[in-house]
Amino acid sequence: MSFPLLTATAALPAIGAVATAAVPAARRNAAKALALVFSLATLALAIVVLVRFDPGGSRYQLTESHSWIKDFGVRYELGVDGIGVALVALTALLIPFVILAGWHDADPLETGNKRWRPTQGFFALILAVEAMVILSFEATDVFLFYIFFEAMLIPMYFLIGGFGDRAHEHGEEVASTQRSYAAVKFLLYNLVGGLIMLAAVIGLYVVAGNFSLTEIVQARADGTLHMATSTERWLFLGFFFAFAVKAPLWPLHTWLPNAMGEATTPVAVLITAVVDKVGTFAMLRFCLQLFPEASKWATPVILVLAVISIVYGALLAVGQRDIKRLVAYASISHFGFIILGIFAMTSQGQSGATLYMVNHGISTAALMLVAGFLISRRGSRLIADYGGVQKVAPVLAGTFLIGGLATLSLPGLAPFVSEFLVLVGTFARYPAIGIVATLGIVLAALYTLVLYQRTMTGPVKPEVSAMPDLRARELVVVTPLIVLLIFLGVYPKPVTDIVNPAVKQTLSDVHKKDPKPEVEAAK
């Protein structure tokens with residue numbers, strides 16, 4: 001039997017989580033170092049997966065299949081297509097930066113009562129989330145996917161509720177209450193979505209007789225599995241609702257600003273750059289492949305919701321006073337673009353949406369982590385508390401600017417390519433929707449440039465006059481992300497070559513072809 005590479009890629013951070021949690025409480029630095037080593041080892045395995053993956057080969061590669069719960073047809077089935085392998089690589093890439101950025105975020109609080117904070121638990125929970133997210137990207141058994149789709153909520157709940165942002169404008173007691181509220185809201189929203197999905201998963205088993213994605217898709221293609229129209233639509237809605245909550249899509253988005261605002265900065269990055277990608281990924285893998293006709297039936301409504309997310313998220317970002325909540329609402333807008341690209345049902349749109357998942361993860365991580373370094377220096381998340389930072393910390397201001405310009409999809413930086421492809425793909429089939437979506441680009445420029453102007457330019461405020469520039473550890477975190485933003489902005493081919501074959505196969509599953517351009521024949 002060949003080496004189970006996909007299992008190893010997910011098992012390594014899970015083992016790291018257990019090992020990190022077992023480190024004695026007095027050896028906090030050893031726990032941090034151990035977590036970092038396991039995250040780097042996971043990245044090395046993810047690179048091996050990426051190298052071993054052949055874009056021109058079969059749809060699902062490096063597959064593993066073992067009987068698990070035989071009586072219910074549940075199998076331990078793993079496999080990655082081009083979309084899955086790109087997101088596994090993204091997850092493994094970002095986790096070491098998340099750990100480095102949060103190096104001191106779980107240190108004991110120096111307060112009057114010296115409240116204890118379990119440092120080992122913080123880093124163990126991050127590795128546990130990584131393991132579950134990677135398995136979600138690899139699972140080709142619907143029930144197996146569902147287990148890890150739901151299980152990741154537990155470590156995320158403790159990361160949000162147990163380790164809050166120290167830069168809070170209120171006292172510790174108020175901050176703790178708000179953290180608890182944000183964590184419970186995150187858990188309830190996602191649990192409700194998951195319970196609805198569970199009913200749909202059971203319904204799928206009743207109809208198909210098994211949980212294997214590949215077998216169900218093949219049976220539908222062969223005509224040996226038939227679903228009544230109403231049945232397919234109800235099952236689609238059950239799956240899509242859970243994924244829309246995770247994504248998050250308007251109006252199911254309200255948990256995200258609370259969670260990102262109250263969590264530590266690295267955990268906020270984990271939420272929006274890693275965990276939320278599972279929702280949009282699952283729309284491509286499960287909604288479109290399992291329920292092609294229902295996906296086309298629901299497309300008009302989903303496109304409208306996506307456009308509302310784009311404009312609504314951007315408008316609320318413009319009016320934010322809190323830096324982290326601004327980034328949260330900007331992410332809602334960006335996820336609207338991703339969902340728009342998926343349901344435009346064109347190769348450009350879906351390639352752009354997949355590329356957007358990767359690029360948004362990198363750009364949001366860069367912007368949010370630099371914002372976190374800024375907030376930790378001043379001790380405030382409020383935009384009004386800053387001014388003139390570029391004069392005292394030019395490197396911090398410069399990296400903040402690049403992250404912000406990537407967020408507004410400036411040409412030459414990675415998100416521009418993906419956003420351009422999404423809009424081109426949308427215009428090809430739904431020009432009116434595409435025109436409204438472009439408003440999000442204008443608003444992105446507004447909230448990004450206003451944020452930079454209010455925090456980095458102008459007179460130096462006394463509170464920031466002694467602010468230090470980025471330190472060595474912080475530069476190690478930010479520099480690779482900035483380099484990737486520029487590299488993929490100039491040369492996105494390495495990613496598009498991997499995802500394009502999977503996109504074409506997904507379009508084939510829903511029996512869609514790119515619309516032919518209406519060009520007047522030359523006379």
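Remember, predicted model here, so these are calculated numbers, not experimental data.
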Original post:
Quick one: side chain to side chain donor-acceptor pair (under 3.5 Å) partners of Glu150, sequence neighbours excluded?
Top reply: none
Can you check whether [Y]'s main-chain N or O pairs, donor with acceptor, with [X]'s side chain at less than 3.5 Å?
| X | Y | answer |
| --- | --- | --- |
| Arg377 | Pro468 | yes |
| Thr346 | Gly425 | yes |
| Thr20 | Ala17 | no |
| Gln320 | Leu316 | yes |
| Arg473 | Leu100 | yes |
| Arg285 | Phe137 | yes |
| Asn359 | Leu485 | no |
| Thr399 | Leu396 | yes |
| Lys324 | Ala263 | yes |
| Ser309 | Trp250 | yes |

If you measure from [atom1] on [X] to [atom2] on [Y], what distance do you get to the nearest 0.5 Å?
| X | Y | atom1 | atom2 | value |
| --- | --- | --- | --- | --- |
| Thr119 | Arg27 | OG1 | CZ | 14.0 Å |
| Ile126 | Leu36 | CD1 | CG | 11.0 Å |
| Met156 | Ile271 | CE | CD1 | 4.0 Å |
| Thr264 | Leu270 | OG1 | CG | 9.0 Å |
| Phe343 | Thr426 | CZ | OG1 | 12.5 Å |
| Met368 | Ile323 | CE | CD1 | 9.0 Å |

Would you say that [X] contacts [Y] through its side chain, given a criterion of any heavy-atom pair below 4.5 Å between the two side chains?
| X | Y | value |
| --- | --- | --- |
| Leu413 | Ile486 | yes |
| Ser347 | Asn500 | no |
| Thr457 | Gln390 | yes |
| Tyr447 | Leu408 | no |
| Ser331 | Asp276 | no |
| Ile99 | Pro266 | no |
| Leu443 | Leu439 | yes |
| Ile383 | Leu326 | yes |

Nearest non-hydrogen partners of [X] and [Y], listed with the distance:
| X | Y | answer |
| --- | --- | --- |
| Leu303 | Ala344 | CD2-N, 4.1 Å |
| Leu367 | Gly404 | CD1-N, 3.8 Å |
| Ile310 | Ser333 | O-OG, 2.8 Å |
| Tyr386 | Lys461 | O-CE, 3.5 Å |
| Tyr157 | Ala183 | CD1-O, 3.4 Å |
| Val460 | Gly388 | CG2-O, 3.5 Å |

**OP:** Using the side chain to side chain contact (heavy atoms under 4.5 Å, CB included) rule, take Asp322 and Tyr329 through it: C-alpha gap first, then chi angles, then the decisive distance, then the call.
**Re:** CA-CA 11 Å; Asp322 183 309; Tyr329 280 109; over 6 Å; no
Original post:
Mind checking whether Phe337 and Tyr356 have parallel, tilted or perpendicular rings, split at 30° and 60°?
Top reply: parallel
**OP:** Output, in order, the C-alpha distance, side-chain angles, deciding distance and verdict of side chain to side chain contact (heavy atoms under 4.5 Å, CB included) for Leu12 and Phe38.
**Re:** CA-CA 7 Å; Leu12 197 57; Phe38 270 99; 4.0 Å; yes
Original post:
Would Lys185 and Glu262 pass as an ion pair if we require N to O under 4.0 Å?
Top reply: no
Original post:
When you look at CZ of Phe158, are more than 12 heavy atoms from neighbouring residues, nucleotides or ligands closer to it than 6.0 Å?
Top reply: no
Original post:
For the ring pair Phe149 and Phe243, is the centre-to-centre distance below 6.0 Å?
Top reply: yes
Subject >> Counterpart residues, ring pair (Phe, Tyr, Trp, His ring centres under 6.0 Å), relative to His360 (two or more places apart) >> reply: His334, Phe335
**OP:** Using the side chain to side chain contact (heavy atoms under 4.5 Å, CB included) rule, take Glu474 and Val395 through it: C-alpha gap first, then chi angles, then the decisive distance, then the call.
**Re:** CA-CA 11 Å; Glu474 296 165 337; Val395 178; over 6 Å; no
Subject >> Criterion side chain to side chain contact (heavy atoms under 4.5 Å, CB included) on Arg471 and Phe373, from CA distance to verdict >> reply: CA-CA 10 Å; Arg471 303 179 179 93; Phe373 298 148; over 6 Å; no
